[in-house]
Amino acid sequence: MKKISLTLTTAALTLAAGTVSANCDPGEVVAKFSHVTGGTTHPKVVAANSLAERVNAEMNGKMCVEVYPNSTLFGDSKELEALLLGDVQLLAPSLSKFGSYTEKYGVFDLPFIFKDMDAAIRFTNSDNGKALLTEMDEYAGFVGLGYWMSGMKYFSANKTLNVPSDAEGLKFRVQTSDVAKQMISAMGASPQAMAFSEVYGALQTGVVDGQENTWSNIYTKKFFEVQESVTETNHQLLAYLFMTSSDFLKSLDKDTREQFMQIADEVTQAANLNVKAAEATNRANILKAGGTIIELTPAQRQEWVDTMKPVWKQFEKDIGKDLIDAAAGA
Ligand code: LMR
């Protein structure tokens, strides 16, 4: 009896968190998809669940995808390692989390390099962007299946930020990205790298004063509840590498691999078409839930650009000037 009620509770929690639980049949190739985001309106949640729904319906008997959101299987410090060990087969980590594998992905983190998500999508569809998908295949065994956009990023803090000097002396949570760390230092603030699952607690207890993220993450992880306000800086892109390992791809027979790749590609296209609407919905959700959003005047925005853009120069050697120019011109 006890066991039954425990099972029901877990199932209810899992559904509430947006998991697609698949009853994989014997003989099906099982692909576990681990990610760190949550809620039901987040672009990554929607895309991962849509992938699972399509594979499980269209490849029934051949392949099955199980989605584990909210860092329930692996958090973002462990998921890349887990992919290499074969403990998980599909991931969509932020492009800011590959610093130990390639410096070139720093291009996606450069502040104000993309005017908006459309420019970022143009860059990812270019030859340079496509080449970066398989950049880590040879030496790390990672294969990019596509880029999933998440949104532009905004700063939040426990005090109002109108101009970068308002951030002086504050501590900001960042992802494990050297570019992000330098960008925060350029504002006269201190960066603290931290796993995504720890951010809410760190903001709530004052371990950090602020963070930078998309509307979808700020809403679905309730960061706005423990911050005074969010400033619409639009300073950086958040996008994901929807990925697998070359070992997993090679383990699939040709038909299964081709059908899976086709679905993966279609899900990627659809995800990127829907992302702006998801971001707009979650921005509105923050306001509806009582959060405060600060809009910048053109002069204030220029101050953010002038403070953070010099960071590009510091990474020119690591990333490559040609790649930076290509992204900036997209
Ligand atoms: C973060 O760590 O802030 C984000 O990369 C989380 C995510 O996957 O959107």
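One is the number of the first residue; the rest follow in order along the sequence. Counting starts at 1 for both ligands and their atoms, following the listed order.
Ring geometry, Y219 versus F224: the interplanar angle falls under 30°, so the pair is classed parallel (tilted spans 30 to 60°). Ring geometry, F142 versus Y101: the interplanar angle exceeds 60°, so the pair is classed perpendicular (tilted spans 30 to 60°).
Within 4.0 Å of ligand 1, contacts by protein heavy atoms are made from V36, T37, K44, D76, S94, K97, R173, Q175, F196, N213, N217, L238, Y240.
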Q.
Does D253 form a salt bridge (charged side-chain N to carboxylate O under 4.0 Å, His left out) with K62? I'd like the steps, not just the answer.
A. CA-CA 10 Å; D253 66 57; K62 283 196 263 182; over 6 Å; no
Q.
side-chain hydrogen bond (donor to acceptor under 3.5 Å, both in side chains) for Q89 and T244? Distances and angles first, verdict last.
A. CA-CA 6 Å; Q89 289 71 36; T244 185; over 6 Å; no
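Ion pairing of K276 with E279 is absent here, as no side-chain N (NZ or NE/NH1/NH2) approaches a carboxylate O to less than 4.0 Å. One finds a salt bridge joining R283 and E232 here, because a Lys/Arg side-chain nitrogen approaches an Asp/Glu carboxylate oxygen to under 4.0 Å.
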